[in-house]
Amino acid sequence: MCGRASLTKQEKELEQRFNASFYTEDILRYNPLPNFNLAPTQTHPILIMENGKHFQLMKWGLIPSWAKDEKIGSKMINARVEGLLEKSFFKTALQSRRCLVPLDGFYEWKTIQAKTKIPFRIQTTNQEIFSVAGLYDLWKNNKGEVIYSFTIITLPANEMMKKIHDRMPAILDPDAELLWIDHSLSMNQSLELLSPYPSELMHMTELSPLVNKVSANGPELLVPAKRTSTSNTLFD
DNA sequence: CCAGACGTTGTT
DNA sequence: GTCTGG
DNA sequence: CCAGACGTTGTT
DNA sequence: GTCTGG
């Protein structure tokens, strides 16, 4: 699964990386970056291809347009790639509402025992911004305000990720990013772009439990955990 | 046809 | 909205 | 994902 | 235990 992430860069860096721009009013009203602890329901800049490439602020957790209540969104933070074509929940989004989720890391917790979990930060080896394949939708609340929301597609874990978890987010090869949000692709063509990112191009760092708290959000979260006597048995 | 669901994860 | 179940 | 709350009534 | 909030 993928339930927490980071994008520790500024808006300007994001604009340069994707050659796309923010809406000025979004930046004035919100201040989404940098974010050291992106959690479900929080607002994140998402890249879409509507009237040109631009970043749209969206809440993490897909709220389908027909939902009566936005609460469903906080559960719909991931979509398994294996089920995308079979589930009405996601199928229409896969057809016409694909998006890129820019991140520079994500967090996973390795379960040691029922009540013991250790957080890890996973990055690409170049430590740069990468894109995760996502889906989005628009939902109207009872005031008539439009709420954008997104979900992150997950794949079976690659060899590196298997050490801590059996799923991983669908990180896209940079060459596949623009295709993923291209409207001319069929659903099947878009699915062909999704494959586990190579273990050799990723690396992970054990963190302290500071990151557990959603309210914690600063560079101190990224400091690697001090090795302890239990650490040596983590991957048995 | 209509009615009702629509999701993932982890844990047991 | 769209799919599944009956 | 984890952390934290989980409720109703009447009165001001 | 289960749901909500972030």
Side-chain angles (χ1 to χ4, degrees), chain A residues 1-7 30-45 57-98 101 103-123 132-141 146-157 161-171 187 194 204-218 221-222 225:
Chain A
M1 196 181 188
C2 179
R4 217 73 83 74
S6 69
L7 182 52
Y30 303 92
N31 197 12
L33 300 179
N35 194 341
F36 295 88
N37 204 351
L38 171 65
T41 73
Q42 285 182 0
T43 299
H44 193 66
L57 297 186
M58 300 193 193
K59 293 179 77 168
W60 187 3
L62 189 77
I63 310 166
S65 58
W66 43 262
K68 292 194 182 71
D69 195 309
E70 69 179 315
K71 282 200 282 275
I72 191 172
S74 64
K75 295 179 203 161
M76 304 299 128
I77 63 175
N78 294 144
R80 294 169 69 89
V81 70
E82 300 91 331
L84 289 184
L85 290 175
E86 284 81 43
K87 320 253 179 187
S88 62
F89 204 89
F90 295 131
K91 193 172 177 181
T92 50
L94 178 66
Q95 195 151 228
S96 53
R97 291 185 306 278
R98 298 185 298 267
V101 183
L103 300 175
D104 66 357
F106 61 93
Y107 304 109
E108 290 285 0
W109 281 257
K110 179 180 172 67
T111 302
I112 306 299
Q113 296 158 1
K115 289 184 176 172
T116 311
K117 295 184 172 193
I118 298 180
F120 288 83
R121 178 166 200 238
I122 296 94
Q123 298 165 272
V132 170
L135 304 173
Y136 72 97
D137 208 345
L138 282 67
W139 179 80
K140 266 189 192 172
N141 66 17
V146 174
I147 311 287
Y148 282 82
S149 61
F150 72 97
T151 190
I152 283 177
I153 296 176
T154 66
L155 304 170
M161 287 297 302
K162 276 182 191 160
K163 293 177 182 173
I164 56 174
H165 201 65
D166 63 349
R167 305 289 302 174
M168 64 181 277
I171 300 174
M187 287 191 285
L194 308 181
M204 60 182 182
T205 314
E206 182 183 338
L207 300 183
S208 86
L210 278 178
V211 70
N212 292 8
K213 266 192 197 292
V214 174
S215 57
N217 196 319
L221 301 184
L222 310 186

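Order of the sequence lines sets the chain letters (A, B, ...), proteins ahead of strands, with each chain counted from 1.
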Exercise for the section: Specify the separation, in whole Å, of atom CZ of A:F90 and atom P of B:dA5. Expected result: 18 Å
Exercise for the section: Considering only atom P, compute the distance from D:dC6 to B:dC6 and round it to an integer number of Å. Expected result: 28 Å
Practice task
Under 4.0 Å between any heavy atoms, over every strand shown, what does A:T154 touch: base, sugar-phosphate, or nothing? Just pick one.
Solution key: sugar-phosphate
Practice task
Name all residues meeting the side-chain hydrogen bond (donor to acceptor under 3.5 Å, both in side chains) criterion together with A:W109; count only those two or more places apart in sequence or in a different chain, and write none if there are none.
Solution key: A:N212
Considering only distance and modelled atom types, tabulate donor-acceptor pairs under 3.5 Å from the side chains of residues 64-73 of chain A, sequence neighbours left out.
residue : atom : partner : partner atom : Å
A:D69   : OD1  : A:K71   : N            : 2.7
A:D69   : OD2  : A:K71   : NZ           : 3.4
A:E70   : OE1  : A:K59   : NZ           : 3.4

Handout entry: A:N31 side, atom CG; A:T43 side, atom OG1 - distance, nearest 0.5 Å
Key = 11.5 Å
Exercise for the section: Verify, without hydrogens or angle tests, whether A:N35 (side chain) and A:L7 (backbone) share a donor-acceptor contact under 3.5 angstrom. Expected result: no
Fill in the blank from the handout: From CD1 of A:I164 across to C1' of B:dT9 the rounded distance in Å is 15 Å
Fill in the blank from the handout: When rounded to whole Å, the CG to P distance for the pair A:L135 and B:dG7 reads 12 Å
Problem - Gap in Å between the two P atoms, one belonging to E:dG5 and one to B:dG7, rounded - result: 22 Å
Practice task
Just call it for A:D137: base, sugar-phosphate, or nothing, with non-hydrogen atoms closer than 4.0 Å on any strand.
Solution key: nothing
Practice task
Measure the CG-CG distance between A:L103 and A:L38 for me, rounded to the nearest 0.5 Å.
Solution key: 7.0 Å
Problem - Euclidean distance, atom CD1 of residue A:I63 to atom P of B:dG7 [Å, nearest integer] - result: 16 Å
Problem - Rounded distance in Å - CH2 (A:W66) to C1' (B:dC6) - result: 4 Å
Handout entry: Each stem that DNA chain D is part of, given as range with range (3 or more consecutive Watson-Crick or G-U pairs, under 3.5 Å)
Key = D:1-6 with E:1-6
Completion exercise
side-chain hydrogen bond (donor to acceptor under 3.5 Å, both in side chains) pairs touching residues 77-95 of chain A, sequence neighbours excluded, are A:E82-A:R167
Practice task
Using only side-chain N and O atoms of A:R167, determine if any of them is under 4.0 Å from OP1 or OP2 of B:dT8.
Solution key: no
Practice task
Could you check whether A:T151 gets within reach of a base, just the sugar-phosphate, or nothing at all, counting any heavy atom under 4.0 Å?
Solution key: nothing
Fill in the blank from the handout: Span of DNA chain E engaged by chain A, first through last nucleotide within the 4.0 Å heavy-atom cut-off, is E:dT4 to E:dG6
Problem - With A:P169, the side chain to side chain contact (heavy atoms under 4.5 Å, CB included) member among A:L155, A:I152, A:I153 - result: A:I152
Exercise for the section: Write down the distance separating the C1' atoms in B:dT9 and E:dC3, rounded off to the nearest Å. Expected result: 15 Å
Handout entry: Main-chain N/O of A:S6 paired with A:R121 side-chain donor or acceptor, under 3.5 Å
Key = no
Problem - Steps toward side chain to side chain contact (heavy atoms under 4.5 Å, CB included) verdict (A:L135, A:L94) - result: CA-CA 6 Å; A:L135 304 173; A:L94 178 66; 4.2 Å; yes
Exercise for the section: Would you confirm whether A:T151, through its side chain, and A:M76, through its main-chain N or O, come within 3.5 Å as a donor-acceptor pair? Expected result: yes
Problem - Verdict with reasoning, A:Y107 to A:F120, per side chain to side chain contact (heavy atoms under 4.5 Å, CB included) - result: CA-CA 5 Å; A:Y107 304 109; A:F120 288 83; over 6 Å; no
Practice task
Measure from the side-chain N and O atoms of A:D137 to the backbone N and O of A:A93, and report whether any donor-acceptor pair falls under 3.5 Å.
Solution key: no
Write down the protein N/O and nucleotide N/O pairs, taken from nucleotides 1-4 of chain D, whose separation is under 3.5 Å; answer none if there are no such pairs.
residue : atom : partner : partner atom : Å
D:dC1   : O2   : A:R4    : NE           : 2.9
D:dC1   : O2   : A:R4    : NH2          : 3.3
D:dC2   : OP1  : A:K117  : NZ           : 3.2
D:dC2   : OP2  : A:K117  : NZ           : 3.2
D:dC2   : O4'  : A:R4    : NH2          : 2.8
D:dA3   : OP1  : A:N212  : ND2          : 3.4
D:dG4   : OP1  : A:K213  : NZ           : 3.1

Problem - Rounded C1' spacing from D:dT8 to B:dA3 in Å - result: 35 Å
